[in-house]
Amino acid sequence: MPYPTAHPDAALDVAGDGTPDDARALLTLASVPGVGPARVRALLARLGDAASVLNADPRALAQVEGVGMKTARAIVAFDGADAIEAQLRQADRVGAHLLTLTDPAYPHVLHELYDPPPYLWVRGALRAEDARAVAIVGTRKASDYGKRVAAHFAAGLIERGYTIVSGLAYGIDIAAHRAALDAGGRTLAVLGSGVDRIYPQAHTPVVRRIIEHEQGAVLSEFPLGTKPDAPNFPRRNRIIAGLTLGTLVAEARVKGGALLTAYAALEQNREVFAAPIPLFHNGGEGNARLIQRGHAKLVASVDDLVVEIENQQAPSQPATAQRSASAFQTNPTDSPTPGKPPPTDLNRVEQQLYDALAAEPIHLDVLCERSGVDVSNALVYLLGLELKGHVGQLAGRQFFRHG
């Protein structure tokens, strides 16, 4: 039976349970094995909405860059109705609701990500005021000093009208969440599990407080029931950074999720800040590394941080993009290959983009100006070029040609 096509002017509710039909279709599409967020976005860009994708002929799906016939057939053959219904029943039990990319309530700042999640499960409520947000992150094995730093900045930012974003983890994260709540403000907790699988479980009272006191929200891009698996947390970190105007590293080790969140913020052209660490303090080496390399601005007070945010440059300015790109080392497999023959398997748009590229990385905005391709289409076709091995990408939406 064909999936009902989403109405252009009003969300359908075929099942009558309050869930728009286009949201059901998106959940179904995202649940197909082998169809991750990148393919979902490419399919939606080509066919308009998830229902149209589910109803499409496999040959049409296979023509979408990065999909191929194997994935196209998997989409057509997929029967996930029971799993989707189970998700929706569980959502009802825990009071979760779904925000899709096209929902007006979907955080607009996440649209700026290179790979925005197709949907978010949310418990609690996101508000317009949450657009003024700062992430506070750091080590799970936080010292008393680090926890005091997190709490001090969280409380001070709440007083100045900011929302605090973090990941609900032990150490710095939970100190920031609690301080924000104690100050009477709002806080968003982004999970690396389903919103019905609070991790760590010991922080369930904090989640209950966020929701019941209407002081924020708990959100995740992962399906309900998803366990807290290690690969989920780097993906989670990009959302923490993406929801904010800047990220403060309160106390971090050289290796760990806090630095990954900082680098995710740099990649998204967001500001990164680091608190000062006492000279003989063992545990804040990550802060020193970020400051030494020019990846983070030293902030000794809440006022320092607020002034930096208010004076920050627009994210699209090339200088900021170049700075964020320098925070990463190019993977050897992404380096241009001298003498490689030009590709012969490109369509018209891909050829435009490829011709506008060079061995030296250029920013997406520059690439679009040179090629005449708009940003949304460019991202889809660049994804296809990456999957074919013709194009590489660095942080800050910097792209270069292989060969």
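Computed from heavy atoms alone, side chains included, the values below leave out hydrogens, waters and symmetry copies. The model shown is predicted, which means the values in this text are computed figures rather than measured ones.
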Engineer: Are E251 and H281 close enough that a side-chain donor and a side-chain acceptor fall under 3.5 Å?
Structural biologist: yes
Engineer: With distance as the sole test, does R270 use its side chain to make a donor-acceptor pair with the main-chain N or O of G242 at under 3.5 Å?
Structural biologist: yes
Engineer: Which residue pairs pass the salt bridge (charged side-chain N to carboxylate O under 4.0 Å, His left out) test with at least one member in residues 131-151, sequence neighbours excluded?
Structural biologist: none
Engineer: D229: which residues meet the salt bridge (Lys or Arg N to Asp or Glu O under 4.0 Å) condition with it, sequence neighbours left out?
Structural biologist: none
Engineer: Is there a donor-acceptor contact under 3.5 Å from the side chain of R236 to the main chain of V190?
Structural biologist: yes
Engineer: Do D103 and T100 meet the criterion of a side-chain donor-acceptor pair at a distance under 3.5 Å?
Structural biologist: no
Engineer: Is the shortest heavy-atom distance from the side chain of L120 to the side chain of P107 under 4.5 Å?
Structural biologist: yes
Engineer: Do side-chain atoms of Q87 reach the backbone of L224 as a donor and acceptor pair under 3.5 angstrom?
Structural biologist: yes
Engineer: Quick one: does S220's side chain have a donor or acceptor within less than 3.5 Å of a partner on S193's backbone?
Structural biologist: yes
Engineer: When rounded to the nearest 0.5 angstrom, what is the spacing between CG in L298 and CG in D304?
Structural biologist: 7.5 Å
Engineer: Quick one, L357 and L367 - any side-chain contact, counting heavy atoms below 4.5 Å?
Structural biologist: yes
Engineer: Give a yes or no on whether the backbone of A274 and the side-chain of N287 come within a donor-acceptor separation of less than 3.5 Å.
Structural biologist: no
Engineer: What donor-acceptor contacts under 3.5 angstrom involve side-chain atoms of residues 154-166, with partners at least two apart or in another chain?
Structural biologist:
residue : atom : partner : partner atom : Å
R160    : NE   : D303    : OD1          : 3.2
R160    : NH1  : G156    : O            : 2.8
R160    : NH2  : D303    : OD1          : 2.9
T163    : OG1  : D130    : OD1          : 2.8
S166    : OG   : I136    : O            : 2.7
S166    : OG   : D173    : OD1          : 3.1

Engineer: Give the ring-plane orientation class for Y170 versus H203, where under 30° counts as parallel, over 60° as perpendicular and anything between as tilted.
Structural biologist: perpendicular
Engineer: With a cut-off of 6.0 Å (strictly less than), are more than 12 heavy atoms of other residues, nucleotides or ligands near CD of E214?
Structural biologist: no
Engineer: Is it the case that Q351 and N347 place a side-chain donor and acceptor less than 3.5 Å from each other?
Structural biologist: no
Engineer: R235: what forms a salt bridge (Lys or Arg N to Asp or Glu O under 4.0 Å) with it, not counting sequence neighbours?
Structural biologist: E221
Engineer: Taking atom types as modelled and ignoring hydrogens, do the side chains of R289 and Q292 form a donor-acceptor contact shorter than 3.5 angstrom?
Structural biologist: no
Engineer: In this structure, is the centre-to-centre distance between the rings of F399 and H363 below 6.0 Å?
Structural biologist: no
Engineer: Name all residues meeting the salt bridge (Lys or Arg N to Asp or Glu O under 4.0 Å) criterion together with R59; count only those two or more places apart in sequence or in a different chain, and write none if there are none.
Structural biologist: D57
Engineer: Has R253 got a side-chain atom pairing as donor or acceptor with G286's backbone, closer than 3.5 angstrom?
Structural biologist: no
Engineer: Go through the structure and list residues passing salt bridge (Lys or Arg N to Asp or Glu O under 4.0 Å) with D196, not counting sequence neighbours.
Structural biologist: none
Engineer: If you look at every heavy atom in L98 and A23, which pair is closest and at what distance?
Structural biologist: CD2-CB, 3.7 Å
